[in-house]
Structures are given as structure tokens and as C-alpha cells.
Chemist: 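Sharing a structure, written as C-alpha cells. Questions coming.
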Amino acid sequence: MRILCVAEKPSIAKAVSEHLAGGRVQVRNTQNKYIKNYCFDYDFGQGWGNCSVTMTAVLGHLTSTQFPPQYKDWKHPPPDRLFDAPVQTIIAEDKTDVAANIEQQAKYCQGLCIWTDCDREGEHIGHEICEAAKKGNSRLNIRRARFSNIERAHVLNAARNLVALDEKQVNAVSARIELDLRIGYAFTRFLSNNLKPMGEPLTSKVISYGSCQFPTLGFVVDRYFRVKNFKPEPFWSIKVMHKREGIDVHFAWARNRLFDRAAVIILYERCLSAKMAEVTKVQEKPTKKWKPLPLTTVELQKMATRFLRLTGQQAMTAAESLYNKGFISYPRTETDRFDKGMNLQALVQKQTPDNRWGQFAQDLLNGGFSQPRQGRNDDKAHPPIHPITYAAPSVLGEDEKKVYEFVVRRFLACCSEDAKGVATDIDIMYGEEAFHAHGVVVLERNYLDVYVYDKWTGTAQLPKFTVGERFEPFEAIMTDGKTTAPSYLTEADLIALMDANGIGTDATMAEHIQKIQDREYVSTVPRASRPADDGDDGGDPPARGARGGRGSRGGRGGASTTASRVGVMEFIPTKLGVALIEGFDRMNFETSLGKPFLRKEMELKMKAICEGRTTRQAVLNESIGQYRQVYNQSQEKLQVLKAACRQYLFENGVG
DNA sequence: GCAAGGTC
């Protein structure tokens, strides 16, 4: 028997060939410079038995979907005809040589084995490969290998346990492709046709709509309005200080702060009249700062935009280049747990020559090694991003150097122990009011020594207090302050929002962010340093609980405490961006195009197809009907959208 | 001139 094996990308074809062949591989070039055919013998066991195998690859999707030529003009027929126009699936222009290789090889084979990634898109790519192969040989016996990493035993196991291609997943993706095409083209033409005649700057632009780009823009506009409409609110608090053993101890108020001055005055005066405070609890217990989780694509991008002064796209370009040179593993992954079978210490070993972290790596090998934490995500296709071989700084470009250093430090941190310390908590009652002092002393830095992006400074050692003792506080004062506005979105915030709302994939998020900049819907400016809440005195850590209080939702998650460093870019919508989102919002549809719901709905429908609860055709009918309705409503209320454009673009509406 | 998803 002759068997053709096809992977989603050349690196997988190469790795799988090496495992299956056990050393004896013939490598042949193809028409495509990235793709090689690997020829070897392999025994598939009970199914196909001993076979002569050719293993090759595609480069992602083979086909592209398009409208027939009579729909080329943007105005005739009108854009809404694209909702039911026929769509054609053709071999993509730049993939003809890839498809030809598969068609040709299939002629000599009786069996086809699909080795694409184990995700929905991979299943669809598998289907595209089948169609290309059938052109060469319509009587192929088709199977699929299910594998989630390219560790040797795992790959061999997959080859002996072949399954069928999952048509449901293929159909789910095919529905996604068709909907994105129809809706994207129809609304892009609608917006451009109707808004361009309003005059510059619209006339010379393409005003596009996409199921990912618009919600991404929506996040930026939403935050912009939250900042713009923010009203600072005054608040009051009580701060208790006490000096002992030469150390100033700050007791934070358990109520944090109140927005009622009279109430605080009353509570404050009760404290003062009590005179003595009583220690109600003293607790000293071990604490730790957890080492980071294994690295995913989304996390790489967030960290790169925060700490490496790169955009998400620059980080991805550098990571892809490092991957293609063999320095790091595949950079597009959602997986944050390492497979048990991986030899991580061998990878640590490779880093010992470096003069920045080599000693740290050596120390891990000398007993400091600790198994990485296991995150909850597994895309069943790729391991977390990790270094493969050592790359000296001299062989890397500027961006590559930064990304490689980050990937290595993150990996070594994952293989280290958590940082350890001891936390001291002291609770006091001062009259009727509770106050709290918290101190941390760092004892073992461990992973922090290599992972320079995390900080854990600790505080001064707290002096000794004893439960039941009474003392007169050194100082008790009433403080006041104002809530501060949330800040504009950073790229890390935006990526986190997209991730949480299912907008785009790890491989495309950065592209969508770039797209809304290219379309001039948003722009970026360096973050100015901004003052903290007036009420938060410097020095001591702020009381626990939400900063910002009411009126300041958003903005201030734990993440932005690091992101607020100067030099990080923040995203602000342009007048056009605001006009588009506001325009659609004011049309008041039940399904607003600027919100992330629609994409989420699409995701749920794809899942339903995969689980057999609905069909591709049912989803297409339903979704196309829904969007056609939105289109018709948009046409009826076009004046609302145009008015928003006039307001923001031509009346100096926003600055 | 237009989408989003793979990958190089």
C-alpha cells in the first residue's frame, strides 16, 4: 500500500516523518519552496499494515471563498444581494502549487491520512486536503490522525489509532467562512457607498465592517466614553498610624472609604473618643507569589505590549521568525499546560550557556527544578510556547532578541519554585471601627530572580503586636480624596477584552487591532503619567478592595498596575470611529453591530453544529436572515448614522 | 477597494 500523509504546516510534516520513519527518510523538494515531501516506510498496524508513505504539508487553508465576477461592482447589484449570491470555493491563488503537489501524490496512493491540527480550522483544512487529493484519485481511503503534540510516543500512538474526519466540525467552519464573507462584504459596501459621498475625509476611505474589527473598535469607543463621561466623586476615609520599634505602621480602614462626609466625621469622632485601640488578631503565616503559567499566544502579546515596547503584531512577527529558525516552539497556542511526557529539563539544559540566565538554568538542574503549573487551557494542537534551542543574542534581530529573552525567562520561571515569604496581618478595633495592617517579608525569591517582569518587593517587617493588648494610636486622621477616571485601553487591555469575548483567535487578534488603525478608526498615543487617587497616600500599599470605587468601573484591574508605566500606548477612537459606533448604537437595533454579542452568537452556533444540535444550513439560513434584517434597518435609519458622522466629523464634536 | 481564518 502507498499512503499519502498531509500536515497543516511543514514543521509538523517534518517532525511526524522523523518519528514514523525511525531515521530512514528521503526528502524531495516540491514546486513550493516551503514544502518538502518525505518518503519512508511505516507499519500502520491492523488498518493499512506495512506501507510506503509520502508525507507532505499544506500552508494552512488551501481554498478561498469568493463571489462570482458579476458581483465585482460595489453598487450593482446592490450590496444586500451578497446575502444570497452564490459563493464559489476555489484553490487560493497562492496555493495552486501546494494543491497540485497533493493531487499528484494522491495518484500513486490508495490511502490518505490527514495530520492537521486538532481544532475546528484544522478539521476544515483536512477537508480541503481531501478534496484536492480526490481530484488526483477519487477512490482514496481517507483517515485522520488525532494528535495534540509532536512528542514521539504520542505521534506513534496517533498513527496506530486513526479516526474519520469530523464532518460536523468541517461544516461549522464552512458556515463561519460563508457568513464572514457575506456579512463583511455586504456591510463594507453599504457603509462605503453611503458615507463616502458625505465629503472628505470619508470620500477617499474604505469604510469596512467585519465581525471582529467592529467589536474591537466597539471596545475602544466604549472605554473612551467611560473616560469622557466620568464624574469624579469625593470620598473620605480614616487613617490610623502607630509607631513601634522605630517602624511606622499604617492601619487601613476596613470600610476603605465612604462617599458621605458627615458619616465619616461621626465614625472618626467615635474612634477618637474611644482613645484606645485593641488588637483583635495577629496572624503570621507563610505566603507565596505564584510563578507564571506556561506561555500562551495571548499572554505573550499582552506581556510584549506591556514590557517589551512592542505591538502585538511586532511580537508575533518576531515570534514567528524565531519559530521558523527553530529557536522557539510554535507561537500560536492556547495551551497553558505542558504534557507530562515532555523532557523539560533537557530544554533547561540548553539555556546554560547564556551569561544572563545560564547560571539560573544550571541551578534548576542542580535540584531547583519544579514541575510547571498546569493551566486550564489545552487547544489539543500545540504545547505552550517554549524555547527549543539556545540562541545567542548576536544571531537575533532587535525584536527577536526581546521576544526570545521573554520566552526563555518565562519558561525558566515556569520550571522554578514559587517565590516564598511570610505575611503578617494585624487587626485592631478602634472604638467601633476595624482597621488592618498587612506586611509581607520576602524570604525566597526563586522564580523572581529570572522573571524580571514580576515584582514582589514586600514591605517592612511589622513590629510585634499581641492579641488583647490596648494602645493609643500615634495618629488618627480623616483623609479625603476623589475617584479618578479609568484610563484608556492599552493594547494588553484590548487583547484581554477580545480574548474574553471570543473576538478573533490567538493568531488574528493583533491583525484586527492593526486593521482598525489602518482604517483610521482608532489611533494610539503614549500614555501620560497620571496621578493616583488623591486619597491614596504614597508609600504604604493601598487598602485592599476595589480602587476607583463607584463611578470608576473598568480601567483598574490588577493588570493595569503594571501597564500604567509611561511609554505604553493607549487606544483612542478617531472621530470616524466614534461616529460609526455611535451611529449604529443610536439606530437602536436589538443586535448592535458594534457590540461583541453577534460574534459570540456565531461561536455558540458553531459549537451547536459541532455537537449535532443544528446543521450548517440551518445556521446559515438563520444568521443570514438576521443580518439581512439588520441591513434593512440600517438602510431605513441611514439618516441616524449620517447624522452621527456629521456631528463628530464636521462639527468639531470630539477632540 | 471589501471578511476572517489558516500559514511562510
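So that the names make sense, note that chain A is the first sequence line, chain B the second, and so on, each numbered from 1.
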Chemist: Under 4.0 angstrom, heavy atoms only, what part of the nucleic acid is A:T65 near: base, sugar-phosphate, or nothing?
Modeler: base
Chemist: Counting just side-chain N and O atoms, does A:T188 come under 4.0 Å of either OP1 or OP2 of B:dA3?
Modeler: no
Chemist: When the distance from OH of A:Y627 to P of B:dA3 is rounded to whole Å, what number comes out?
Modeler: 15 Å
Chemist: Select one nucleotide: of B:dA4, B:dC2, B:dT7, the one nearest the side-chain heavy atoms of A:R176.
Modeler: B:dA4
Chemist: Please tell me which of the listed nucleotides, B:dC2, B:dC8, B:dG5, lies nearest to the side chain of A:S208?
Modeler: B:dC2
Chemist: Looking across every strand, which nucleic acid part, if any, lies under 4.0 Å from A:S211 by heavy atom: base, sugar-phosphate, or nothing?
Modeler: sugar-phosphate
Chemist: Measuring from the side chain of A:R189 (C-beta onward, heavy atoms only), which nucleotide among B:dG1, B:dG5, B:dC2 has the closest atom?
Modeler: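 Within the option list, the nearest is B:dC2.
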Chemist: If only side-chain N and O atoms count, and only distance matters, is there a donor-acceptor pair under 3.5 Å linking A:N37 with A:T56?
Modeler: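 Yes, because at least one side-chain N or O of A:T56 sits under 3.5 Å from a partner of the opposite role on A:N37.
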Chemist: Is the shortest side-chain heavy-atom distance between A:S208 and A:Y521 below 4.5 Å?
Modeler: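 Yes; the side chains approach each other to less than 4.5 Å.
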Chemist: Compare side-chain N and O positions of A:H512 against OP1 and OP2 of B:dG5 and report whether any pair is under 4.0 Å apart.
Modeler: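 For A:H512, the contact criterion (side-chain N or O under 4.0 Å from OP1 or OP2 of B:dG5) is met.
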Chemist: Please report, rounded to the nearest Å, how far the P atom of B:dG5 is from the NE2 atom of A:H124.
Modeler: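 My rounded result for the distance is 14 Å.
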Chemist: Heavy atoms from C-beta onward define the side chain here; which of B:dG5, B:dA3, B:dC8 lies closest to that of A:Y34?
Modeler: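 Looking only at side-chain atoms, A:Y34 lies closest to B:dC8.
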Chemist: Counting side-chain heavy atoms from CB outward, which of B:dA4, B:dT7, B:dA3 is closest to A:C212?
Modeler: B:dA4
Chemist: OH of A:Y71 versus C1' of B:dA3: gap in Å, rounded?
Modeler: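 Whole-Å distance recorded here is 18 Å.
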Chemist: Quick check: on DNA chain B, is the nucleotide nearest A:T63 upstream (toward 5') of the one nearest A:A186, or the reverse? Name the residue that is more 5'.
Modeler: A:A186
Chemist: Across the strands shown, which category fits A:Q213 at heavy-atom distances under 4.0 angstrom: base, sugar-phosphate, nothing?
Modeler: sugar-phosphate
Chemist: In terms of the angle between their ring planes, are A:F190 and A:F187 parallel, tilted or perpendicular, with boundaries placed at 30° and 60°?
Modeler: perpendicular
Chemist: Heavy atoms only, 4.0 Å cut-off, all strands: where does A:K33 land among base, sugar-phosphate and nothing?
Modeler: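 Result for A:K33 = nothing.
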Chemist: What contact category does A:P10 fall into here, base, sugar-phosphate, or nothing, at under 4.0 angstrom with non-hydrogen atoms?
Modeler: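 Counting heavy atoms under 4.0 Å across all strands, the contact made by A:P10 is with sugar-phosphate only.
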Chemist: Within the structure shown, what part of the strands sits under 4.0 Å from A:Y209 by heavy-atom distance: base, sugar-phosphate, or nothing?
Modeler: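 If one applies the 4.0 Å heavy-atom cut-off, A:Y209 turns out to touch the sugar-phosphate alone, with no base involved.
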Chemist: Could you tell me the separation between the CD atom of A:E121 and the C1' atom of B:dA4, rounded to a whole number of Å?
Modeler: 8 Å
Chemist: Side-chain donor-acceptor pair under 3.5 Å between A:E128 and A:H124, yes or no?
Modeler: yes
Chemist: Checking all strands, does A:N324 fall into the base, sugar-phosphate, or nothing category for heavy-atom contacts under 4.0 angstrom?
Modeler: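 If one applies the 4.0 Å heavy-atom cut-off, A:N324 turns out to touch the sugar-phosphate alone, with no base involved.
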Chemist: Within the structure shown, what part of the strands sits under 4.0 Å from A:F67 by heavy-atom distance: base, sugar-phosphate, or nothing?
Modeler: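 Since no nucleic acid heavy atom lies under 4.0 Å of A:F67, the category is nothing.
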Chemist: Locate the shortest heavy-atom distance separating A:D117 from A:R144; write the atom from each residue and the value.
Modeler: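 Taking A:D117 first and A:R144 second, the nearest heavy atoms are O-NH2, 2.9 Å.
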Chemist: What contact category does A:G122 fall into here, base, sugar-phosphate, or nothing, at under 4.0 angstrom with non-hydrogen atoms?
Modeler: nothing
Chemist: Students often get this wrong, so: under 4.0 angstrom with heavy atoms, is A:K72 touching a base, only sugar-phosphate, or nothing?
Modeler: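 Nothing, no heavy atom under 4.0 Å.
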Chemist: Mind checking if A:R120 touches a base, just sugar-phosphate, or nothing, with heavy atoms under 4.0 Å?
Modeler: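 Nothing, no nucleic acid heavy atom in range.
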Chemist: What class does the angle between the rings of A:F338 and A:F411 fall in, given that below 30° is parallel, 30 to 60° is tilted and above 60° is perpendicular?
Modeler: perpendicular
Chemist: I want to verify a distance call: between B:dT7, B:dA3, B:dG5, whose nearest atom is closest to the A:A507 side chain?
Modeler: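 Closest nucleotide to the A:A507 side chain: B:dT7.
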Chemist: Using a heavy-atom cut-off of 4.0 Å across all strands, would you classify A:Y323 as base, sugar-phosphate, or nothing?
Modeler: sugar-phosphate
Chemist: If you find the nucleotide of DNA chain B closest to A:W74 and the one closest to A:T505, which residue's nucleotide is nearer the 5' end?
Modeler: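 Closest to the 5' end, via its nearest nucleotide, is A:W74.
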Chemist: What is the distance, to the nearest angstrom, from the CG atom on A:D518 to the P atom on B:dC2?
Modeler: 10 Å
